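Report on the structure given below.
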Amino acid sequence: MEANTTENKKVIFSGIQPSGDLTLGNYLGALKNWVKLQDQYECYYCIVDLHAITVRQEPKNLRAKTLELLAIYVAAGIDPDKNTLFIQSHVPAHSEAQWLLNCNSYIGELSRMTQFKDKSAKYTNVSAGLLNYPVLMAVDILLYQTDLVPVGGDQKQHLELTRDLAQRFNGAYSETFKIPEPYIPPTGARIMDLQEPTKKMSKSTENPNGCIYILDPPEVIRKKIARAVTDSIGVVKYSDEQPGVQNLMSILSTITGMSYDEIEKKYEGKGYGDFKKDVAEAIVAELEPLQSKVKELLADKKQLEEIYSKGAQKANYVATKTLRKMQKKIGFIPVSR
Ligand code: AMP
Ligand code: TRP
């Protein structure tokens with residue numbers, strides 16, 4: 001099968017773990033941008049199930065969340081015919097190449113990663129997988145000769161490490177990997193927690209009222225927005241003194257395309273009630289079609305199976321090519337055909 005890389009488009013790779021529930025932050029900050037990239041770039045969007053098991057997952061739940069995440073990708077508008085949508089564990093080259101790159105990574109640099117330090121402080125039995133997590137992420141990116149990686153701020157350090165590991169390998173064994181760059185989307189809205197608007201909205205939050213999940217039913221969304229923390233100033237204004245209002249404005253603006261000026265004018269002389277209602281309705285209008293599409297897809301497992309099988313085939317072709325290159329350069333003897 002021919003790889004779909006003949007058009008000389010730049011390659012994008014990104015992935016989300018099928019653990020926890022995706023938030024409005026993930027949707028507006030990541031998925032919605034991925035959709036915009038699909039015409040201009042050759043995109044690989046992965047469901048990183050190997051990453052998810054760095055902490056213990058309930059098998060039944062992992063299966064369900066993996067399919068749900070694929071359904072969310074498709075429902076968000078990521079076209080499986082234009083992009084390579086695949087499940088990481090379907091491409092064995094990721095695990096194989098990770099060993100090779102592990103042997104070229106240092107415990108020192110891995111244990112200095114902020115995410116490792118945070119997570120290893122949180123769990124009692126810290127798995128070796130948690131330490132090696134960024135090496136697997138590096139392999140994800142490097143196997144596809146990726147140019148650009150859309151990631152949030154917390155993953156920038158891992159991308160830096162990816163570049164270091166790639167350069168080290170290239171230096172030791174000659175040019176093998178393209179050196180990837182981070183991709184910062186032009187309109188990267190950072191959605192904040194509804195209860196603590198100075199903190200990023202995150203799926204690992206302790207207070208679920210602070211966080212809207214992509215699959216929250218409309219009445220839950222309305223309730224969470226109604227309860228969102230604002231202030232006693234009572235004026236809809238984009239001001240640093242009003243982080244709660246600022247956050248709601250940024251949500252409304254990202255969804256509707258209205259500017260902050262337009263929003264301020266629209267709610268001049270009105271309290272927060274009308275404004276919050278409109279924010280809630282905008283979110284509901286944005287997420288409801290996605291939710292029904294997710295339901296439809298999850299009811300038709302055959303269609304999902306076709307999508308991930310096709311994705312795995314494409315991904316395997318490209319990833320195996322890079323893996324063979326690595327093996328050859330390291331000095332492994334190819335199996336005779
Ligand atoms: P995470 O859920 O932190 O693993 O992030 C997955 C992707 O969603 C990353 O690309 C983040 O940039 C994006 N993301 C997560 N939370 C937010 C947020 N509150 N606002 C904007 N983007 C977010
Ligand atoms: N580590 C990323 C996160 O938690 C997920 C991820 C795994 C990823 N492999 C990747 C992101 C490759 C971008 C590219 O968000």
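Both ligands and their constituent atoms are indexed starting at 1 by order of listing. For reference, positions follow the sequence shown, starting with 1. FYI, side chains are in, hydrogens and waters are out, and symmetry mates aren't considered; it's all heavy atoms of this structure. Predicted, not measured: the structure shown is a model, and the values here were computed from it.
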Any protein N or O within less than 3.5 Å of an N or O in ligand 1? List each pair with its distance, or say none.
from	atom 1	to	atom 2	distance (Å)
ligand 1	2 (O)	Asn26	ND2	2.9
ligand 1	5 (O)	Asn26	ND2	3.4
ligand 1	8 (O)	Asn26	ND2	3.0
ligand 1	10 (O)	Gly152	N	3.4
ligand 1	12 (O)	Gly152	N	3.4
ligand 1	19 (N)	Ile191	O	2.7
ligand 1	19 (N)	Met201	O	2.9
ligand 1	20 (N)	Ile191	N	2.9
ligand 1	22 (N)	Gly25	O	3.2

Which side-chain N or O atoms in residues 293-301 pair as donor and acceptor under 3.5 Å with protein atoms at least two apart or in another chain?
from	atom 1	to	atom 2	distance (Å)
Asp300	OD1	Gln303	N	3.4
Lys301	NZ	Leu298	O	3.0

#### Entry: Under 3.5 Å side-chain donor-acceptor pair for Asn83 and Tyr73
no

### Task
Apply the test side-chain hydrogen bond (donor to acceptor under 3.5 Å, both in side chains) to residues Asp231 and Tyr272: give CA-CA distance (whole Å), side-chain angles for both, the deciding distance (0.1 Å), then the verdict.
CA-CA 10 Å; Asp231 50 65; Tyr272 293 148; 2.5 Å; yes

#### Entry: Asn209 side chain to Gln195 side chain, donor-acceptor N/O pair below 3.5 angstrom
no

### Electrostatic pair Arg222-Glu219, nearest N-O below 4.0 angstrom
no

### No-hydrogen, no-angle side-chain donor-acceptor test under 3.5 Å, Gln88 and Asp140
yes

### Task
Each residue besides Ile53 in its hydrophobic cluster should be listed here, by chain and number; the cluster joins Ile, Leu, Val, Met, Phe, Trp and Tyr at side-chain heavy-atom distances under 4.5 Å.
Leu62

### Message
Keeping Thr23 on the side-chain end and Cys211 on the backbone end, is there a donor-acceptor pair under 3.5 Å?
### Response
no

### Query
Is a side-chain N or O of Asp49 found less than 3.5 angstrom from the main chain of Ser89, in a donor-acceptor match?
yes

### Query
Under a strict 4.0 Å criterion on non-hydrogen atoms, which protein residues are in contact with ligand 2?
Phe13, Ser14, Gly15, Gln17, Val48, His51, Tyr133, Met137, Asp140, Ile141, Val149, Val151, Gln155

